[in-house]
A.B. asks: 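Quick one: the structure is below, and I'll ask about it shortly.
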Amino acid sequence: MPEAMRLVTWNINSLRLRLPLLEKLTTHLLPDVVCLQETKVPDPLFPAEALRELGYEHLHYRGMKGYNGVAILSRHPLEPLPDMPDWCDKEDCRHVAAMVHTPQGSVEVHDFYIPAGGDEPDPDINPKFAHKLAFVDEITDWFSARSSARTVLVGDLNIAPLEHDVWSHKQLLKIVSHTPPETQRLGRLLDTGFVDAMRHFVPPEEKLYTWWSYRNRDWQKSDRGRRLDHIWVTPDLVPELSGMMVIREARDWASPSDHVPVMLDLSPP
DNA sequence: ATGGTTGGAATCCAA
């Protein structure tokens, strides 16, 4: 029986700056597929050669100068999904999608970087927050008009939906990433036909974070984290879920991202 | 209530 297909998602917060950390991650975990967000590199400057040397021959990426940027790295052949919408007509490089053909079967992979939304949780006075809500609404409409199979949706969704996805539910209810307009919308997106694969492994009453602000002196001691990064799968893949790990120690690597990688294993039945 | 840090580009913006 073939081994599991291993997938990692990570908001790397500058791919070029953190190539050594990506190498550390991939040599230890040997993922088949890596989905990155906030690559912050325009396509002509994408470090494709360095990634091929890490074993990722098959690449699909979309980046721009300074901000955003997403990438799918694969050891196995991939085909970019054609005719993807330009969400909110901004051409801001927040989504790539591909069919990945692994020895364990083909899966459709969607890699998202949902807008952070600024500080003020009022769409009438904060256009960034309005953009965030509109972005989630658009992708929700798109997935609900479509029947997804063997699909994995990952990325920095910039929303911590459950009470124990944040260090203090009460204190964060008015903080962007955990407000009811956001968490309700993320629930609607999930309900288009996905299962929260991280919570398949960790019960909802248990704290689970993937991001700790740079602004905390001692992130481990205060542990004021949030679960902003997610891995969702369609129900047909649930019987194949065989492992999940939040790579918490990556928050302590030299010059870390403020997000840590999340790993999922899918094993054929 | 406030400020705390980081990356990329440009002397500030986004997170």
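A note on names: the letters A, B, ... follow the listed sequences, proteins ahead of strands, and every chain is numbered from 1. From a predicted model like this one, the values you see are computed outputs, not experimental measurements.
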A.B. asks: Rounded to the Å, how far apart are A:Arg16 CZ and B:dT6 P?
C.D. replies: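 Computing the A:Arg16:CZ to B:dT6:P distance gives 20 Å.
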
A.B. asks: CG of A:Asp92 versus P of B:dC13: gap in Å, rounded?
C.D. replies: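 The answer, rounded to whole Å, is 19 Å.
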
A.B. asks: Quick check for you: among B:dA15, B:dC13, B:dT6, whose closest atom lies nearest to any side-chain atom of A:Arg18?
C.D. replies: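 The closest nucleotide is B:dT6.
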
A.B. asks: Between A:Glu240 and A:Arg150 (salt bridge meaning N to carboxylate O under 4.0 Å), is one present in this structure?
C.D. replies: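 Result for this pair is yes, salt bridge flagged.
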
A.B. asks: Could you give the OH-to-P distance, from A:Tyr113 to B:dG7, as a whole number of Å?
C.D. replies: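 One finds 14 Å between P of B:dG7 and OH of A:Tyr113, rounded.
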
A.B. asks: Should the ring pair A:Trp87 and A:Phe112 be called parallel, tilted or perpendicular, given that the plane angle runs from 0 to 90° and is split at 30 and 60?
C.D. replies: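 If you compare the ring of A:Trp87 with that of A:Phe112, the planes turn out tilted.
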
A.B. asks: Rounding to an integer number of Å, can you tell me how far A:Phe129 CZ sits from B:dA14 C1'?
C.D. replies: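 That distance rounds to 17 Å.
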
A.B. asks: When all nucleic acid strands are considered with a 4.0 Å heavy-atom cut-off, which category describes A:Ser255: base, sugar-phosphate, or nothing?
C.D. replies: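 Counting heavy atoms under 4.0 Å across all strands, the contact made by A:Ser255 is with sugar-phosphate only.
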
A.B. asks: Rounded to whole angstroms, how far apart are CZ on A:Arg217 and C1' on B:dG4?
C.D. replies: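 About 8 Å, once rounded to whole Å.
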
A.B. asks: Counting side-chain heavy atoms from C-beta on, which of B:dG7, B:dA10, B:dA15 comes nearest to A:Ser14?
C.D. replies: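 Nearest to the side chain of A:Ser14 among the choices is B:dG7.
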
A.B. asks: Output the rounded distance in Å from CD1 (A:Ile12) to P (B:dA15).
C.D. replies: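 Taking atom P of B:dA15 as the reference, CD1 of A:Ile12 is at 18 Å.
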
A.B. asks: Distance between the P atoms of B:dT2 and B:dT6, in whole angstroms?
C.D. replies: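 Taking atom P in both B:dT2 and B:dT6, they lie 23 Å apart.
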
A.B. asks: Just wondering, are more than 12 heavy atoms of other shown residues or ligands nearer than 6.0 Å to CG in A:Asp119?
C.D. replies: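 Count not over threshold, so no.
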
A.B. asks: In whole Å, I'd like the distance from the CD atom of A:Glu120 to the C1' atom of B:dA14.
C.D. replies: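 Roughly 17 Å, once rounded to whole Å.
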
A.B. asks: Take atom NE2 of A:His259 and atom P of B:dG7, then tell me their distance rounded to the nearest Å.
C.D. replies: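 Distance check: A:His259 NE2 to B:dG7 P gives 13 Å.
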
A.B. asks: Reading DNA chain B from 5' onward, which residue's closest nucleotide shows up sooner: A:Asp156 or A:Lys40?
C.D. replies: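 Here A:Lys40 is the residue nearer the 5' end.
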
A.B. asks: Give the nucleotide from the list B:dA15, B:dT5, B:dC13 with an atom nearest to the side chain of A:Tyr67.
C.D. replies: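 Nearest listed nucleotide: B:dC13.
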
A.B. asks: Between B:dA1 and B:dT5, how far is it from one P atom to the other, in whole Å?
C.D. replies: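 To the nearest whole Å, 22 Å.
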
A.B. asks: Between B:dA9 and B:dG4, how far is it from one P atom to the other, in whole Å?
C.D. replies: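 That atom pair is separated by 25 Å.
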
A.B. asks: Look at A:Arg215 and B:dT6 and indicate whether a side-chain polar atom (N or O) is within less than 4.0 Å of OP1 or OP2.
C.D. replies: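 So the side chain of A:Arg215 is outside the cut-off, no N or O lying under 4.0 Å from OP1 or OP2 of B:dT6.
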
A.B. asks: If you assign each of A:Thr39 and A:Asn68 to its closest nucleotide in DNA chain B, which residue comes earlier from the 5' end?
C.D. replies: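 So the residue in question is A:Thr39.
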
A.B. asks: Please work out if A:Arg224 contacts a base, only the sugar-phosphate, or nothing of the nucleic acid, heavy-atom cut-off 4.0 Å.
C.D. replies: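 Since no nucleic acid heavy atom lies under 4.0 Å of A:Arg224, the category is nothing.
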
A.B. asks: Across the strands shown, which category fits A:Arg94 at heavy-atom distances under 4.0 angstrom: base, sugar-phosphate, nothing?
C.D. replies: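 Since only primed, P, OP1 and OP2 atoms lie under 4.0 Å of A:Arg94, the category is sugar-phosphate.
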
A.B. asks: Counting only side-chain N and O atoms of A:Lys128, is one of them less than 4.0 Å from OP1 or OP2 of B:dA14?
C.D. replies: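 The answer is yes; a side-chain N or O of A:Lys128 sits under 4.0 Å from OP1 or OP2.
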
A.B. asks: Quick check for you: among B:dT6, B:dT5, B:dA15, whose closest atom lies nearest to any side-chain atom of A:Glu38?
C.D. replies: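 For the A:Glu38 side chain, the nearest candidate turns out to be B:dA15.
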
A.B. asks: Could you go through A:Arg185 and A:Glu182, starting from their C-alpha distance and side-chain angles, then the distance that decides it, and tell me whether this counts as salt bridge (charged side-chain N to carboxylate O under 4.0 Å, His left out)?
C.D. replies: CA-CA 5 Å; A:Arg185 274 175 175 80; A:Glu182 296 167 86; over 6 Å; no

A.B. asks: Should the pair A:Arg224 and A:Trp167 be classed as cation-pi, given the thresholds of under 6.0 Å to the six-membered ring centre and 45° from the axis?
C.D. replies: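 Checked: cation-pi criterion met.
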
A.B. asks: Does this structure show an ion pair linking A:Asp111 with A:Arg62, if we count only N-O contacts that are shorter than 4.0 Å?
C.D. replies: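 Salt bridge flag = no for A:Arg62 with A:Asp111.
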
A.B. asks: What distance, rounded to whole Å, do you find between the two C1' atoms, one in B:dG3 and one in B:dA15?
C.D. replies: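 Comparing C1' positions in B:dG3 and B:dA15 gives a spacing of 15 Å.
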
